[in-house]
Amino acid sequence: MEMVVVAPPAPGTLEDLRRRFFATPLQALLSLVSLAIMVLLAWKLLNWAIFSAVFTASGGPEACQAAAGACWSVIAARWRIILFGLYPFEEQWRSALACVTVVVMTVLSCIPAFWTGRRIGLVWAAGAALYYVLMKGGVLGLPYVGEEAWGGLALTLFIFVTTCLIGFPLAICLALLRRSGLPWISRITGIIIDSVRSLPLISILFTFAIVLPFALPQWLVGDKLYRVILGSALFFSAYQAEIVRGGMQGVSNGQEEAAMALGMNYWQRIGRILLPQAMRNALPATINQFVISFKETSLVVIVGFFEILASGNAAYGTGEWRFAYVEVYAFIAFIYFVFVFSLSRYGAFLERRMSVGER
Amino acid sequence: MISLLRNQKVRNALLQVFYVGSLAALVLAGVVIARRNLAEQGITSGFDFLYKSTGWDVSFSLLPVTANDPYWWFFLIGIINTLFLGSIGLLLATVVGTVVGLARTSSNELARLLGRTYVDIFRNIPLILQAFFWYAIITHLPTPRAAHEAWGMLLTSRGLYLPAPNVGGVAMALAILPLFAAVALPVWLGRTSRLSRPVGERLVIQLAGIAAALACAVLILIVGRLPDAPLLDFPALQGLNLKGGLRIPPEFSALAVAIAIYGGSYIAEIVRGGFKAVGKGQVEAALSLGLSPWRVFTLVKLPLALRAMLPILANQYVWLIKATTMGIAVGFTDFFMIVALTINHSGQTLEAIGILMAGFLTINLSLAAVFNRINKAIALKGNQLRG
Amino acid sequence: MNSTQSPGAAVRIENLDKYYGTFHALRNVNLSVERGEKIVVCGPSGSGKSTMIRCINRLEQHNGGRITVLGTELNDDVGNIDGIRREVGMVFQHFNLFPHMTVLENCMIAPMIVRKRPRAEAEATARRYLEKVRIPEQATKFPGQLSGGQQQRVAIARALCMQPQIMLFDEPTSALDPEMIAEVLDVMVTLASEGMTMICVTHEMGFARRVADRVIFMDGGEIVEEAPPEEFFTSCRNERTRQFLSQVLGH
């Protein structure tokens with residue numbers, strides 16, 4: 001309800017404040033209560049996290065326990081475990097570089113110039129390959145490090161990237177199968193997608209990690225890490241398939257008819273006409289799905305992986321740092337926050353740009 | 001042959017047969033291999049194990065349970081635990097979400113900022129991390145000997161202790177009935193006299209109804225209390241431990257708090273979206289009819305926003321119910337944890353996974369059905385008011 | 001399909017039947033179109049005229065009868081369907097340009113990926129046809145930046161770039177503002193004068209009078225009347241046709 005008054009007299013600062021925050025008694029109360037909550041929380045938080053906190057590891061745990069505020073020494077002392085898990089100490093630069101690779105890859109994918117199927121595929125395939133070589137080694141003079149030693153942030157990022165890399169094409173396949181004109185194909189695909197969506201992710205991870213080996217012939221069992229990634233990719237693709245299908249429904253029938261009338265075959269119609277438009281329609285929801293799936297990588301801790309959450313538990317769980325759990329969780333939460341928040345801000349930005357722009 | 005393959009109908013039929021056939025073969029092969037592998041370990045397939053006793057215990061149960069009880073009883077306990085945690089979590093999350101969502105749509109800039117900060121922080125941190133965090137906080141509380149005390153409640157590392165009524169089970173069940181009636185009253189009022197009574201009057205009737213219901217409930221409790229005991233049983237220290245009262249274990253409270261806070265941040269966004277979807281024109285029309293802001297809110301904004309929210313809210317609820325499976329991370333015996341324990345102890349892998357899938361499908365489908373009914377009942381007739 | 005020289009009619013429709021569920025959309029339609037002939041199809045909405053021409057390139061599948069295009073029968077053989085679509089161009093009521101490609105790319109894509117022409121050749125062809133529909137200067141714009149009339153001319157150019165032998169027009173001017181109809185019709189008249197085989201579903205009776213060899217009136221899924229334009233407009237035999245004409249020409 002904004003009213004435009006013709007040439008209002010420029011209000012003074014005080015008058016402006018009064019109008020914005022104290023227009024009615026109820027407004028004034030609301031303002032005061034909100035302000036009180038904010039000031040109180042901000043003060044407590046700042047006091048705990050900065051003013052009364054201990055930052056350096058030099059004093060050891062004893063210096064921390066004496067202080068009233070946060071004990072950031074635990075991070076200074078244990079950050080390598082949190083970020084890299086049990087990866088061999090002198091090789092941890094490789095793990096760090098691998099994390100940087102993933103970040104660079106993600107940033108590149110956010111640039112519109114890379115938004116063609118081929119370029120984005122190339123960036124992700126190259127990024128994943130580089131990551132794999134860096135982490136696993138065994139070539140180019142890098143000592144070999146098996147998957148069982150991967151951990152921390154690097155493992156979290158690896159699971160996320162491979163989940164998307166496998167899940168995304170799978171999602172497109174599922175979406176195409178579900179909208180197929182052949183009744184049996186679309187019906188059965190629909191059942192598969194809906195059942196996967198109705199199950200909790202943990203139960204799927206558990207099934208793939210622990211139950212699947214029973215149902216596979218010996219030569220197919222493979223490493224537990226890759227089975228879990230497969231399960232997580234399946235879950236991702238069931239959700240993403242519905243997003244892609246929604247994007248396809250936003251493309252008018254006329255588009256496919258025009259392509260047919262020009263003599264294009266099925267794959268040409270899908271690849272050149274339908275998918276480019278559908279993916280553009282589905283972009284905001286897709287980024288949202290990436291955000292959710294990044295948060296959900298943290299669930300692999302339950303089937304026994306040493307990702308960032310588990311390595312955090314280990315960082316404070318042993319001996320002298322036992323009391324510093326809040327700091328460790330705050331640190332991990334901060335890492336997640338940086339990734340997830342920037343990605344979701346980017347998604348919101350895209351959504352706004354697209355709703356204003358072209359169409 | 002070649003001309004046959006070029007025939008569209010033949011092609012379509014072959015494609016379908018191939019797709020369905022290969023999927024069926026995959027599943028069949030998996031089941032056959034799994035049964036052989038399990039048989040080698042001496043596990044006979046079938047559902048007979050449901051009647052054997054488990055030999056292990058659960059940490060949280062609303063029903064009486066011992067290690068001698070059979071598996072089917074444990075599954076039931078798991079489902080009830082999941083539903084219990086889920087409904088408490090949903091309730092709390094909805095309350096949190098509504099408050100924060102309203103703050104985010106408020107005309108007050110400070111309240112908006114506060115709501116936005118809340119959403120930005122708690123939406124962007126994984127739920128399981130929040131569950132771990134609250135679990136760590138609670139288990140690091142003082143021991144029962146040095147417990148925090150407030151209004152008869154005790155906060156300790158072994159859980160939250162509440163005063164509990166000393167009442168028989170029947171009276172307890174009976175006392176819940178008037179509370180249901182109090183909830184049903186506004187619904188019934190809304191149905192019978194949508195606009196015929198002024199809002200204020202309806203509010204008074206509702207408040208009176210709730211007060212009456214509460215009085216009824218207390219009366220039933222007093223009448224039905226156990227002989228020779230005070231009405232309320234306060235927890236108290238006995239030796240090293242606390243006795244009496246109602247204990248809410250840390251696993252449960254950590255999960256409920258995490259779900260409430262995380263789910264609340266999502267529901268807040270849904271609430272905000274719902275109010276944003278209410279057309280400006282309708283609000284302006286209501287204001288121009290001379291309705292007060294409060295009545296514009298209750299008569300126009302709220303009903304329209306609710307309709308816009310409901311389908312999205314249903315999805316969010318399904319998601320939150322599924323999130324209770326995080327219980328296994330802190331050791332809360334929800335349905336999924338019971339299944340996992342069953343697989344560990346009995347080895348009846350395929351059967352347990354089947355039960356898990358059936359359970360969640362049933363829960364989700366019934367939730368979806370309920371929401372569809374509500375949705376249909378309140379949907380705007382025709383399409384004149386959309387957009 | 002190598003039918004440049006194949007004998008007989010361009011399109012031959014015999015006893016065509018088409019159902020949507022239980023709705024009988026086309027009843028026993030018979031039509032033969034010679035090479036170079038221009039046919040205008042008109043009729044009230046729901047009369048089956050669009051359905052009929054959409055059957056010719058199999059955007060709709062017919063349930064009974066035979067359709068033969070350029071000597072090839074349109075049946076379940078996938079090769080025949082692809083071949084026929086390559087030789088039959090179509091222009092839609094709502095243009096259906098590809099919004100994610102520039103005008104030039106819209107015109108180049110099909111020749112490149114369906115006819116496997118090299119890029120340079122496809123671009124030269126595209127520019128030639130854009131010149132012909134009088135919008136060469138819009139080549140690098142996106143469809144969304146053009147007016148309706150311009151978009152429809154691009155759509156015609158796009159179809160022509162495949163160098164089809166037959167062109168189908170499905171109410172090409174119905175979605176246009178009045179002032180843009182003329183620019184599209186002008187292009188179609190030019191095309192007709194160059195000897196293209198054309199089947200047009202349209203209510204533009206002036207256009208029918210100028211270029212049509214035959215005018216066909218459909219109602220209720222049947223061909224009710226079929227005559228050269230002068231005869232059609234002056235002395236039609238059927239009551240329904242007269243009624244329709246008085247509505248279309250009446251004001």
Side-chain angles (χ1 to χ4, degrees), chain A residues 111-121 172 175 179-183 185-186 244 246-286 350 353-359, chain C residues 1 50 53-54 56-61 78-101 105-116 141-145 151-152 154-164 166-170 175:
Chain A
I111 301 171
F114 285 92
W115 289 351
T116 61
R118 194 171 305 167
R119 281 184 204 169
I120 207 109
I172 291 174
R179 76 182 272 292
S180 147
L182 306 176
I185 292 187
S186 75
V244 173
M248 287 174 179
Q249 278 165 348
V251 180
S252 77
N253 277 337
Q255 291 291 311
E256 235 193 317
E257 283 180 0
M260 275 190 216
L262 287 168
M264 296 189 200
N265 64 29
Y266 178 79
W267 293 111
Q268 292 168 337
R269 295 198 300 268
I270 298 297
R272 303 300 188 107
I273 308 301
L274 186 67
L275 273 184
Q277 296 183 55
M279 291 321 297
R280 195 156 292 203
N281 293 346
L283 199 56
T286 302
L350 267 188
R353 204 189 73 165
M354 283 171 67
S355 66
V356 178
E358 296 158 54
R359 327 176 144 248
Chain C
M1 188 89 193
S50 283
I53 71 162
R54 285 161 61 88
I56 295 174
N57 63 353
R58 227 192 210 204
L59 292 183
E60 305 286 350
Q61 205 168 334
V78 185
N80 286 2
I81 299 171
D82 286 349
I84 286 169
R85 282 181 181 159
R86 254 174 262 150
E87 303 299 331
V88 178
M90 185 162 196
V91 176
F92 298 85
Q93 180 179 359
H94 295 289
F95 330 135
N96 295 348
L97 292 175
F98 305 133
H100 57 301
M101 300 178 185
E105 286 166 342
N106 261 284
C107 295
M108 287 161 60
I109 178 135
M112 278 170 64
I113 67 175
V114 178
R115 288 224 192 267
K116 313 281 184 223
K141 287 193 182 166
F142 283 91
Q145 298 166 303
Q151 288 193 51
Q152 193 60 296
V154 173
I156 295 174
R158 177 177 72 176
L160 290 175
C161 282
M162 282 293 283
Q163 291 166 327
I166 302 171
M167 284 286 284
L168 307 174
F169 292 84
D170 188 0

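When reading the values below, keep in mind they use all heavy atoms of this one structure, side chains included, and skip hydrogens, waters and symmetry mates. Residue numbers start from 1 in every chain, and the chains themselves are labelled A, B, ... in the order their sequence lines are given, proteins ahead of strands. These numbers were taken from a predicted model, which means no experiment stands behind them.
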Contacting moiety of Ile113(C), where chain A heavy atoms sit under 4.5 Å: both
Chain A contacts, top residue of Leu97(C), Ile109(C), Asn96(C) (heavy-atom pairs, under 4.5 Å): Asn96(C)
Distance in Å, Met264(A) CE paired with Met162(C) CE, rounded so as to fall on 0.5 Å steps: 8.0 Å
Region of Arg115(C) that comes under 4.5 Å of a non-hydrogen atom in chain A: neither
Heavy-atom closest contact (Val114(C) atom, Gln268(A) atom, distance): CG2-OE1, 3.9 Å
Close side-chain approach of Asn57(C) to Met260(A), heavy-atom, < 4.5 Å: no
Side chain / backbone / both / neither for Leu168(C) at chain A, heavy atoms under 4.5 Å: neither
Arg272(A), CZ: over 12 other non-hydrogen atoms inside 6.0 angstrom: no
Nearest non-hydrogen partners of Phe92(C) and Ala258(A), listed with the distance: CE1-CA, 3.5 Å
Contact summary for Leu262(A) and Ala159(C), nearest pair of heavy atoms: CD2-CA, 4.3 Å
Under 4.5 Å from any heavy atom of chain A - which part of Phe98(C): both
Options Ser252(A), Gly254(A), Ala259(A), ranked by heavy-atom pairs under 4.5 Å with chain C, top entry: Gly254(A)
Heavy-atom check, side chain of Pro276(A) versus side chain of Met101(C), under 4.5 Å: no
For Gly263(A) against Arg85(C), the heavy-atom pair lying closest together: CA-CB, 3.8 Å
